[in-house]
Amino acid sequence: MPGVLLGEEFPNFEADTTSGRIKFHDFLGESWGILFSHPKDFTPVCTTELARAAKLSDEFKKRGVKMIALSIDSVEDHNSWSKDVMAYANEADSPLPYPIIADDKRELSVLLGMLDPDERNKDGLPLTARCVFVIGPDKKLKLSILYPATTGRNFDEILRVIDSLQLTAQKKVATPVDWKPGEKVMVIPSLPDSEATTLFPNGVTTKEMPSGKKYLRYTKI
């Protein structure tokens, strides 16, 4: 099955978008990027998702993340649909703040492993699943989430994982379950205590476990 694995370089595809023709790596530049796919234009769940993403565009921008969507329809349809999306977002006079890729031939959907075999259009063709790809400045895939066509995404969670990805790319830490920015993080197991003490001036605390193993080490960044 075609697709991209974590840590692999994301394909440098060319495509037509609502902002013109792009080459993906050039579009990203030195930024992080998020590509999120949609089953079809003028569909209910997709409209709510694009509107939510539009509302959060400043949050993505603050994190240095370039946004781009994909749907299996034409640029013309995307431009028309964008007006509905912004009206749903109660910003009818504003343009959609990110481009939408036209994948009417489904070439990218196949290349990136996006098709949902259980959800089909009126012609019997599989719809695009709701994929989320987060790409780092090195053009490598950092996160991949795949939702079925029938389930809308949680963009607050997507921002949360981007915060984690960006933090853990810079610091020798991991983020625990339900972590939010500002909360304690975990020291990675491969880091010796002596080095952890130097790296984390706020101190390192260890939670005692029945096994006696000292692997639950916390610090504040």
Side-chain angles (χ1 to χ4, degrees), residues 1-4 10 13 15-20 22 24 27 32-63 65-135 141 143-163:
M1 176 99 178
V4 188
F10 207 80
F13 61 83
D16 292 319
T17 79
T18 51
S19 297
I22 66 160
F24 190 58
F27 167 78
W32 287 72
I34 179 170
L35 189 161
F36 44 103
S37 67
H38 297 269
K40 190 167 178 56
D41 294 3
F42 304 105
T43 52
V45 177
C46 298
T47 300
T48 65
E49 288 188 317
L50 262 70
R52 179 61 175 156
K55 285 281 194 182
L56 292 172
S57 61
D58 286 343
E59 291 296 321
F60 285 96
K61 190 179 295 183
K62 275 195 321 191
R63 292 161 171 82
V65 180
K66 287 190 175 178
M67 308 167 69
I68 191 164
L70 178 150
S71 184
I72 55 171
D73 291 295
S74 66
V75 168
E76 184 181 9
D77 281 345
H78 291 348
N79 283 326
S80 179
W81 182 35
S82 295
K83 296 173 184 176
D84 286 0
V85 169
M86 295 309 289
Y88 183 85
N90 296 316
E91 295 183 23
D93 295 330
S94 300
L96 190 70
Y98 52 83
I100 308 177
I101 296 167
D103 190 32
D104 39 338
K105 295 181 180 176
R106 298 172 183 246
E107 292 171 350
L108 277 176
S109 299
V110 171
L111 174 67
L112 300 175
M114 292 178 169
L115 295 180
D116 183 344
D118 291 331
E119 295 295 327
R120 297 177 179 269
N121 66 12
K122 59 183 176 58
D123 298 319
L125 295 172
L127 296 177
T128 309
R130 301 182 192 282
C131 298
V132 178
F133 298 116
V134 176
I135 302 99
L141 181 64
L143 174 82
S144 175
I145 310 175
L146 179 62
Y147 297 76
T150 50
T151 299
R153 284 162 281 211
N154 183 326
F155 277 84
D156 292 324
E157 166 63 5
I158 292 168
L159 284 172
R160 188 192 76 87
V161 295
I162 287 173
D163 287 333

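Position 1 is the first residue of the sequence, and the numbers go up from there.
- Remark: side-chain polar atoms of Arg153 are paired, donor with acceptor, to backbone N or O of Cys131 under 3.5 angstrom.
- Here Phe24 pairs with Phe10, Phe13 under the ring pair (Phe, Tyr, Trp, His ring centres under 6.0 Å) rule; sequence neighbours left out.
- In Tyr88, the OH atom is not crowded: 12 or fewer heavy atoms of neighbouring residues, nucleotides or ligands sit closer than 6.0 Å.
- In this structure, Met114 and Asp103 have side chains that are not in contact, with every pair of non-hydrogen atoms separated by 4.5 Å or more.
- In this structure, the side chains of Val132 and Val161 stay at 4.5 Å or more apart for every pair of heavy atoms.
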In a table with atom names and distances, give each donor-acceptor pair under 3.5 Å that connects a side chain of residues 55-63 to protein atoms at least two apart or in another chain.
{"unit_1": "Lys55", "atom_1": "NZ", "unit_2": "Ala89", "atom_2": "O", "d": "3.0"}
{"unit_1": "Lys55", "atom_1": "NZ", "unit_2": "Glu91", "atom_2": "OE2", "d": "3.4"}
{"unit_1": "Ser57", "atom_1": "OG", "unit_2": "Ala54", "atom_2": "O", "d": "3.0"}
{"unit_1": "Glu59", "atom_1": "OE1", "unit_2": "Lys62", "atom_2": "NZ", "d": "3.3"}
{"unit_1": "Glu59", "atom_1": "OE1", "unit_2": "Arg63", "atom_2": "NH1", "d": "2.9"}
{"unit_1": "Glu59", "atom_1": "OE2", "unit_2": "Lys62", "atom_2": "NZ", "d": "3.3"}
{"unit_1": "Arg63", "atom_1": "NE", "unit_2": "Asp163", "atom_2": "OD1", "d": "2.7"}
{"unit_1": "Arg63", "atom_1": "NH1", "unit_2": "Glu59", "atom_2": "O", "d": "2.9"}
{"unit_1": "Arg63", "atom_1": "NH2", "unit_2": "Asp163", "atom_2": "OD2", "d": "3.1"}

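- The shortest side-chain heavy-atom distance between Thr48 and Arg52 does not fall under the 4.5 Å cut-off.
- When atom types are taken as modelled, the side chain of Ser37 and the backbone of Leu70 share no donor-acceptor pair closer than 3.5 angstrom.
- Interatomic distance, CD1 of Ile158 versus CD of Glu49, reported as 8.0 Å (0.5 Å rounding).
- Looking only at side-chain heavy atoms (C-beta outward), Pro99 and Lys66 stay at 4.5 Å or farther from each other.
- No side-chain donor-acceptor contact under 3.5 Å links Asp16 to the backbone of Ala102.
- Heavy atoms of other residues, nucleotides or ligands lying less than 6.0 angstrom from CD of Glu76 number 12 at most.
- Each of Ser71, Ser80, Ser74 was checked for a side-chain hydrogen bond (donor to acceptor under 3.5 Å, both in side chains) with Asp41, and the lone residue meeting it is Ser71.
- When each of Tyr98, Phe133, Tyr147 is checked for a ring-ring contact (aromatic ring centres under 6.0 Å, His included) with Phe36, only Tyr98 meets the rule.
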